[in-house]
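The structure presented is a predicted model; accordingly, all values stated were derived computationally and were not measured. Counting starts at 1 for both ligands and their atoms, following the listed order.
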Amino acid sequence: MKSALITGVTGQDGSYMADILLEKGYKVYGMIRRSASPNLWRIAHILDKIEILYGDLTDQSSLDNILRKVTFDEIYNLAAQSFVQYSFGAPVSTTDITGVGVLRLLEATRQYAPGARLFQASTSEMFGKIQETPQKETTRFYPRSPYGTAKAFAHYSVVNYREAYKLHASCAIMFNHESPRRGEEFVTRKITKGIAEFKKTGKKLSLGNLNASRDWGHARDYMEAAWLMLQQETPDDYVLATGETHTVKQWLEKACEFGGVDFWDAYTQNPAFERQAEVDYLKGDYSKAKQVLGWEPKVKFDELVKEMVEADEAFINNSLPR
Ligand code: NAP
Ligand code: GDD
């Protein structure tokens, strides 16, 4: 039986990765950090099937101990401070977790688990102020936030450890991916949850820049690609995207349509949600992943918005546990 460690297992992607690996018959270990309140709703349905290990990307000894204690075939690093807006207010801690945290994990892997295959969650935020369209593996990075610069550091660290120490380490440059398990501060989920609340209470959504364009896919699709990447003989980096782009306004319009709400009624514009430096336009070219991994995203824009609108309607009206 193969064994895998998932960091960030309490997050959106980590929870889907755990589902996928359990379905494939893996022994799954999820790394979590201590929290004052329970934060396990995304993995509540599988808590009895996975083993929890305590660790923190900011603490080298916790990572060393985990990799010394258990032998893993695969390590999926999905942990990060992942909210771009927050990173402007907390640049140092974001860099410590999202950037240097990856170096700590690489060091622990090099020393205690050099045979394990490692996946790193890189991001289209590294393209930032884009240098070409669509963005592919060779497009020059131009990050626009402390989160983006930390991820670029992490990305190059993984490439360097792959080349210097022959680690089987791969990065997916993932464009935005969403799901009903998405954190509530990200714009897609903020909108779908906000529409359900607006229908119930009349409280309008408060949003920032509606003109930014994103290439939105489904988180589960991207985690299936993550697994495929670690099954390859040769480690490598891949763009994961849908190849389509839509504005935030288009997401809002589509969500209003599925929610049965008038677009002009549902929101107000609030500069507080605008970024110090914005990433205006992202559109990925996933042809390398298609060619080498045989991967293609299954869920497209309309289906994704609909799934999230319906899930949030059920969440708000039945108060599903979250
Ligand atoms: P998420 O929902 O924000 O989950 C982040 C996870 O990281 C949570 O489990 C969180 O734990 C954990 N974490 C945060 N700080 C940590 C620390 N110091 N030590 C250990 N764990 C820590 O993010 P996601 O959307 O699933 O994204 C997964 C990964 O993909 C992240 O690295 C993200 O940057 C990257 N990514 C995401 C997207 C996207 O569109 N979703 C696109 C490109 C790349 P708590 O629950 O305790 O906070
Ligand atoms: N969060 C948020 N809240 N964003 C808003 C709002 C708002 O009220 N109004 C407009 N936006 C715009 C942002 O300015 C941004 O252009 C866009 O909506 C998307 O914002 P987020 O959903 O916060 O995601 P992100 O694109 O900044 O970052 C996500 O995707 C990255 C991959 O490109 C995160 O998941 C990152 O972790 C990930 O790396």
Side-chain angles (χ1 to χ4, degrees), residues 6-17 30-43 54-59 62-63 76-87 93-94 96-98 100-102 104-105 119-128 135 143-145 147-148 150-151 154-155 171-179 181-191 194 205-219 222-223 226 239-241 247-249 251-252 267-282 284:
I6 301 172
T7 72
V9 75
T10 54
Q12 171 186 259
D13 289 5
S15 66
Y16 282 109
M17 199 70 234
M31 188 181 94
I32 69 173
R33 55 180 175 163
R34 192 209 163 248
S35 157
S37 321
N39 180 24
L40 301 170
W41 64 268
R42 294 185 179 91
I43 49 170
Y54 281 89
D56 194 308
L57 284 185
T58 60
D59 187 307
S62 70
L63 303 174
Y76 294 88
N77 182 36
L78 301 170
Q81 190 305 93
S82 74
F83 190 33
V84 173
Q85 181 72 72
Y86 182 81
S87 78
S93 69
T94 298
D96 195 26
I97 299 169
T98 304
V100 183
V102 178
R104 293 189 187 97
L105 184 61
F119 172 89
Q120 166 61 12
S122 290
T123 169
S124 47
E125 275 291 304
M126 299 186 307
F127 297 127
Q135 296 84 51
R144 295 270 282 170
S145 65
Y147 169 79
K151 280 286 187 183
H155 182 90
C171 301
I173 305 176
M174 297 191 285
F175 284 64
N176 300 48
H177 47 278
E178 319 294 315
S179 74
R181 298 184 194 174
R182 186 58 144 149
E184 292 178 10
E185 69 271 65
F186 299 96
V187 78
T188 54
R189 182 81 204 287
K190 182 173 171 183
I191 289 173
L205 264 156
S206 183
L207 294 169
N209 174 20
L210 300 189
N211 297 321
S213 281
R214 290 290 182 275
D215 179 331
W216 280 296
H218 196 293
Y222 290 42
M223 291 304 100
V239 160
L240 304 180
T247 61
V248 175
K249 182 164 181 248
W251 181 285
L252 177 62
Y267 80 99
T268 54
Q269 211 133 5
N270 184 344
F273 293 108
E274 286 169 15
R275 305 258 155 106
Q276 286 82 342
E278 178 64 289
V279 171
D280 294 316
Y281 185 93
L282 291 173

- Query: Taking R182 for the side chain and K190 for the main chain, is one N or O donor matched with an acceptor at less than 3.5 Å?
  - Reply: no

- Mark yes or no for whether Q12, through its side chain, and H177, through its backbone, hold a donor-acceptor pair below 3.5 Å. yes

- Can you sort out which atoms of ligand 2 are near F273, meaning under 4.0 Å from one of its heavy atoms? 7 (C), 8 (O)

- L282 N/O to ligand 2 N/O under 3.5 Å: no

- Polar-atom distance check: F175 versus ligand 2, any N or O pair below 3.5 Å? no

- The side chain to side chain donor-acceptor pair (under 3.5 Å) partner of N209 among R275, E278, K249 is E278

- Message: I need the contact type for V248 against ligand 2. Using non-hydrogen atoms and a strict under-4.0 Å cut-off, is it side chain, backbone, both or neither?
- Response: side chain

- Message: Between T7 and L78 (side chain of the first, backbone of the second, donor and acceptor by atom type, cut-off under 3.5 Å), is there such a pair?
- Response: yes

- Message: Only heavy atoms of F83, strictly under 4.0 Å: list the atoms of ligand 2 that pass.
- Response: 1 (N), 23 (O)

- Query: What residue and heavy atom of the protein are closest to atom 1 (N) of ligand 2, and at what distance?
  - Reply: E185 O, 2.9 Å

- Message: Before you tell me yes or no, could you show the steps for N176 and T188 under side-chain contact (heavy atoms from CB on, under 4.5 Å), namely the whole-Å CA-CA distance, both residues' side-chain angles and the distance that decides it to 0.1 Å?
- Response: CA-CA 10 Å; N176 300 48; T188 54; over 6 Å; no

- Counting from 1, what ligand 2 atoms have a heavy atom of L207 closer than 4.0 Å? 8 (O), 9 (N)

- Message: How far is atom 19 (C) of ligand 2 from the closest protein heavy atom, and which atom is that?
- Response: V187 CG1, 3.8 Å

- So which heavy atom in the protein is nearest atom 9 (N) of ligand 2, and how far is it from that ligand atom? G208 N, 2.8 Å

- V187 vs W251, side-chain contact (heavy atoms from CB on, under 4.5 Å): CA-CA, chis, key distance, verdict: CA-CA 9 Å; V187 78; W251 181 285; over 6 Å; no

- Around atom 7 (C) of ligand 2, find the nearest protein heavy atom and jot down its residue, atom name and distance. K190 NZ, 3.7 Å

- Note on the structure: In chain-and-number order, ligand 1 lies under 4.0 Å from a heavy atom of each of G8, T10, G11, Q12, D13, M31, R33, N39, D56, L57, L78, A79, A80, S82, I97, A121, S122, T123, Y147, K151, M174, F175, N176, H177, R182

- Note on the structure: Here the atoms of ligand 2 under 4.0 Å from any heavy atom belonging to A212 are 16 (O)

- Note on the structure: Note: ligand 2 atoms sitting under 4.0 Å from heavy atoms of S124 are 32 (C), 33 (O)

- Query: Say you draw a straight line from CG of D13 to CG of N77; how long is it, rounded to the nearest 0.5 Å?
  - Reply: 11.0 Å

- Query: So is R182 close enough to ligand 2, meaning a heavy atom under 4.0 angstrom away?
  - Reply: yes

- Query: Sub-3.5 Å donor-acceptor pair from the side chain of E184 to the main-chain atoms of F186, do we have one?
  - Reply: no

- Task: For K151 and S82, indicate whether the former's side chain and the latter's backbone hold a donor-acceptor pair under 3.5 Å.
- Result: no

- Among R275, E274, H177, the residue with a heavy atom nearest to atom 21 (P) of ligand 2 is R275

- Message: Which of the numbered atoms in ligand 2 are under 4.0 angstrom from any heavy atom belonging to S82?
- Response: 34 (C), 36 (C), 37 (O)

- Donor-acceptor contact present, side-chain R104 to main-chain L57, <3.5 Å: yes

- Message: I'd like to check which ligand 2 atoms, numbered from 1 as shown, lie under 4.0 Å from a non-hydrogen atom of V84.
- Response: 27 (O), 28 (O)

- Message: Counting only nitrogen or oxygen atoms and a 3.5 angstrom limit, does N176 reach ligand 2?
- Response: yes

- Item | Numbered atoms and elements of ligand 2 in range of N209, under 4.0 angstrom, heavy atoms | 9 (N), 10 (C), 11 (N), 12 (C)

- Note on the structure: In this structure, OH of Y281 is separated from CG of D215 (nearest 0.5 Å) by 9.0 Å

- Task: Answer side chain, backbone, both or neither: which part of R214 comes under 4.0 Å from ligand 2, heavy atoms only.
- Result: side chain

- Just by modelled atom types, is the G208 backbone N or O under 3.5 Å from a matching donor or acceptor in the Q269 side chain? yes

- Query: CZ/R34 to OG/S62 distance, rounded to the nearest 0.5 angstrom?
  - Reply: 14.5 Å

- Query: Taking it one step at a time, do V84 and Y147 satisfy side-chain contact (heavy atoms from CB on, under 4.5 Å)?
  - Reply: CA-CA 6 Å; V84 173; Y147 169 79; 3.6 Å; yes

- Name of the residue among D56, N39, L40 meeting side-chain contact (heavy atoms from CB on, under 4.5 Å) with I32: L40

- Item | Contact summary for M174 and A121, nearest pair of heavy atoms | CE-CB, 3.5 Å

- Query: Does E278 come within less than 4.0 Å of ligand 2, judged by its heavy atoms?
  - Reply: yes

